[in-house]
Amino acid sequence: MTVNRPRGTRDFLPADTARRSYVENVMRNVVRNWGYSEIITPTFEHLDLFTLKSGEGIIGELYNFTDKGGRDMTLRPELTAPVMRMYVNELQSSPKPLKLFYFENCFRYERPQKGRFREFWQFGVELIGSGKPDSDAEVIALADAMLKAVGVKGEMKIGNLAVIRTLLKGLEPEIVSKVMRLVDKKEYADLEALLDEVGAEEQLKSDLFRLIKLEGRYILPRVKEMVGNIPELAGFEKTLKVLDAYGVDYSLDFGIARGLDYYTGMVFEVYAEGLGAQKQVCGGGSYQLIQLFGGGDVPSTGFGIGFDRIMEICPLEYPAPKTLVLISKPETHLEAIKIAAKLRKYLPVHLDLMERNFKAQLSYANTINADYAVIVGEKELEAGKLTLRDMLSGEQELLTQEEIIEKVSSS
RNA sequence: GCCGGGGUAGGGUAGAGGUUAUCCUGUGGCCCUGUGGAGGCUACGAUCCGAGUUCGAUUCUCGGUCCCGGCCCCA
């Protein structure tokens, strides 16, 4: 009987893993240079943490379980809630703004398809404690910088929920939720039907449709005509000015309407081509979640990047380090081990572990695509040197260990 | 949860209701104990699972499962 990997999970082979961790570190370097600190939260949490945030309805999409103490638990489906929980538990009195990032696996019980797995990785950022325009702008610019650093070209769309909420303030809360869902899905026919059904005013209808069809970078004046000069727009305008200074390319879209109540103002999404039905590679915005978890009234802004989708379209290749294979004979094998120990301080070194003969060791070096073979034979040891063979050109020269390290490192 | 297309060695494939199920590649060993990539020999290695039809099923039928894509959902 063979046991297969669970549905929706993946094995990452050595080459995949090397590339993934390379790209991951490119992204890490960007966020670190923006002054963000990495955190790690538990792989599983109390089920309540997520039902509190997203409602009981998400249980169907969670990998939840009851532990041996009878507690309802779940593998984490995302990291914003855990980070907020961590904040409330341990970080409330730390200096603001608090700038955190994470790179972790998440689990969702969903039907796998292109760009969607049951175990997937999220790279995310949370900026806690500031609701100022500059903070919103920094988070957007950081997402933009991270995507650029890994060579992903996407379309950045920015919106602000205050606009559509102002427009809809005369409607019942549950109607507002329905409207926002339809807006987000761009189902305009259903939207019109719903508005007629609830007897919305003509003015509201025409404004709403105008609003969600507005596109581009310079549509704010027309938005103001509809909702007036609400204070949120002043801040939003400032955010956009900062983004211009950062040189971020974006377009505005007030049809981004994440239905969940804790999104308060700015929202943004990045879409990329080449991903089939799952085009969104990044989503974020400003939100209020901390009160929900028992903390104070602390504004936050954050985003999550779907790392697996990034890997699908990211053009970066892993620059493999130069690799050596030491080739020895039975008489020189122990000496080769001593030499390997020294060389390994600088370079990846392979040694024969299968008692192969000279020729087979060289053949192994070829098979694994080693860059160099280092021959540790009697002749070399007598001379106090080693033969370095370039596996590509076949050229050989007699060198000291130091010369080998120097030559290989600089090639 | 729903719809469509698939599943033959580690990877890629061919075939056929019937004797030992192809071929390529891979990996180990040998030819070959100080010079790899070629070649030869050799070993390893597969019909997704279950039920049904049949004298006989890997092939046909049904169910399951997994993979791929789409819908729904997307915190």
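In what follows, chains are A, B, ... by sequence order, proteins preceding strands, each numbered from 1.
- Taking the six-membered ring for Trp and the full ring otherwise, A/Phe123 and A/Phe101 have centroids separated by under 6.0 Å.
- Comparing the same atom, C1', in B/A16 and in B/C23 gives a spacing of 16 Å after rounding to whole Å.
- For A/Lys329 against B/G34, a side-chain-to-base donor-acceptor contact under 3.5 Å is present.
- What separates CG of A/Leu386 from P of B/G34 is a distance of 17 Å, to the nearest Å.
- Among the protein residues, A/Glu269 comes within range of no part of the nucleic acid, since none of its heavy atoms lies under 4.0 Å from any strand.
- The closest side-chain heavy-atom distance from A/Met354 to A/Gln361 is not below 4.5 Å.
- Across all strands shown, B/G50 forms a Watson-Crick or G-U wobble pair, both distances under 3.5 Å, with B/C62.
- Looking at heavy-atom distances under 4.0 Å, A/Ile327 makes no contact with the nucleic acid at all.
- In this structure, A/Lys213 satisfies the cation-pi test against A/Tyr188, with its NZ or CZ atom closer than 6.0 Å to the six-membered ring centre and inside 45 degrees of the ring normal.
- Residue contacts for A/Lys359: at a heavy-atom cut-off of 4.0 Å it reaches a base atom on one of the strands shown.
- Residue-to-nucleotide proximity on RNA chain B shows that, of A/Arg118 and A/Phe358, the 5′-proximal contact is made by A/Phe358.
- Nearest-nucleotide positions on RNA chain B for A/Glu395 and A/Tyr109 put A/Tyr109 closer to the 5' end.
- Contact annotation: A/Arg116 does not reach the phosphate of B/G70 (side-chain N/O to OP1 or OP2, under 4.0 Å).
- Closest to the side chain of A/Glu378, from the set B/U35, B/G34, B/G36, is B/G34.
- With A/Tyr36 as the aromatic partner, A/Lys99 meets the cation-pi criteria of under 6.0 angstrom to the ring centre and within 45 degrees of the ring axis.
- Between A/Phe307 and A/Phe120, a ring centre-to-centre spacing not shorter than 6.0 Å is recorded.
- If you take atom C1' in B/G64 and the same atom in B/G18, they sit 28 Å apart, rounded to whole Å.
- Looking at heavy-atom distances under 4.0 Å, A/Gly394 makes contact with a base.
- If you take atom C1' in B/C67 and the same atom in B/U8, they sit 15 Å apart, rounded to whole Å.
- A donor-acceptor pair shorter than 3.5 Å can be found between the side chains of A/Gln113 and A/Gln278.
- Using a 4.0 Å cut-off, some side-chain N or O of A/Arg181 falls inside it from OP1 or OP2 of B/C73.
- Listed candidates were B/G36, B/G34, B/G1. Nearest to the side chain of A/Arg111 is B/G1.
- Between A/Arg7 and B/C67 there is a side-chain N or O to OP1 or OP2 distance below 4.0 Å.
- The listed nucleotides are B/U27, B/G34, B/U35; the one nearest the side chain of A/Leu362 is B/U35.
- Minimum atom distance to the side chain of A/Asn357 is reached by B/U33, of the listed B/U33, B/G70, B/G36.
- Between A/Glu380 atom CD and B/U35 atom P the separation is 12 Å, expressed in whole Å.
- Straight-line distance from the OH atom of A/Tyr364 to the C1' atom of B/G37: 16 Å, rounded to whole Å.
- Atom CG in A/Leu62 sits about 14 Å away from atom P in B/A75, given to the nearest Å.
- Comparing B/C73 with B/U59, their C1' atoms sit 39 Å apart, to the nearest whole Å.
- Under the Watson-Crick and G-U wobble criteria, each requiring two contacts below 3.5 Å, nucleotide B/U35 is left unpaired.
- Contact between the side-chain N/O atoms of A/Lys185 and the OP1/OP2 oxygens of B/C73 is found at a separation under 4.0 Å.
- At whole-Å resolution of the value, CZ in A/Phe117 and C1' in B/C68 are 11 Å apart.
- The NZ atom of A/Lys279 sits 12 Å away from the C1' atom of B/G70 (whole-angstrom rounding).
- Of the listed nucleotides (B/G29, B/A75, B/G36), B/G29 has the atom at the smallest distance from the side chain of A/Arg356.
- Separating the P atom of B/G1 from that of B/G10 is a span of 30 Å, rounded to the nearest Å.
- The separation of B/A57 from B/G17, taken at their C1' atoms, amounts to 7 Å, rounded to a whole angstrom.
- Stacking of A/Arg118 on the aromatic ring of A/Tyr63 is not recorded, the 6.0 Å distance cut-off and the 45° axial limit not both being met.
- Judged by the 6.0 Å and 45° rule, A/Arg76 forms no cation-pi pair with A/Phe44.
- With B/G69, B/U27, B/G34 as the choices, the nucleotide that has an atom nearest any side-chain atom of A/Lys114 turns out to be B/G69.
- The A/Met391 side chain lies nearest to B/G36 when the options are B/C72, B/G36, B/G34.
- What separates CD of A/Gln122 from P of B/C74 is a distance of 15 Å, to the nearest Å.
- As judged by a 4.0 angstrom heavy-atom cut-off over every strand, A/Glu110 is placed among the base-contacting residues.
- A/Leu52 comes within 4.0 angstrom of nothing in the nucleic acid, heavy atoms only.
- Pairing for B/G4 goes to B/C68, judged as Watson-Crick or G-U wobble with the two contacts each under 3.5 Å.
- For B/U35, its base never sits under 3.5 Å from the side chain of A/Gln361 at any donor and acceptor pair.
- Within 4.0 Å of A/Gly8, counting heavy atoms only, lie sugar-phosphate atoms of the nucleic acid but no base atom.
- Nearest to the side chain of A/Glu61, among B/A75, B/C67, B/G34, sits B/A75.
- Using atom C1' as the reference point in both B/U58 and B/G15, the two lie 11 Å apart (nearest Å).
- Nucleotides B/U13 and B/U54 are separated by 36 Å at their P atoms, to the nearest Å.
- Using a 4.0 Å heavy-atom distance criterion, A/Thr80 is classed as making no nucleic acid contact.
- In this structure, B/C41 forms a base pair with B/G29, meeting either the Watson-Crick or the G-U wobble geometry with both donor-acceptor distances under 3.5 Å.
- For A/Arg20 and A/Trp121, the positive end sits near the middle of the six-membered ring, less than 6.0 Å away and at most 45° from its axis.
- Rounded to whole Å, atom C1' of B/A75 lies 11 Å from atom CG of A/Leu49.
- Pairing for B/C23 goes to B/G12, judged as Watson-Crick or G-U wobble with the two contacts each under 3.5 Å.
- In the set B/G70, B/C73, B/U35, the nucleotide with an atom closest to the side chain of A/Ala277 is B/G70.
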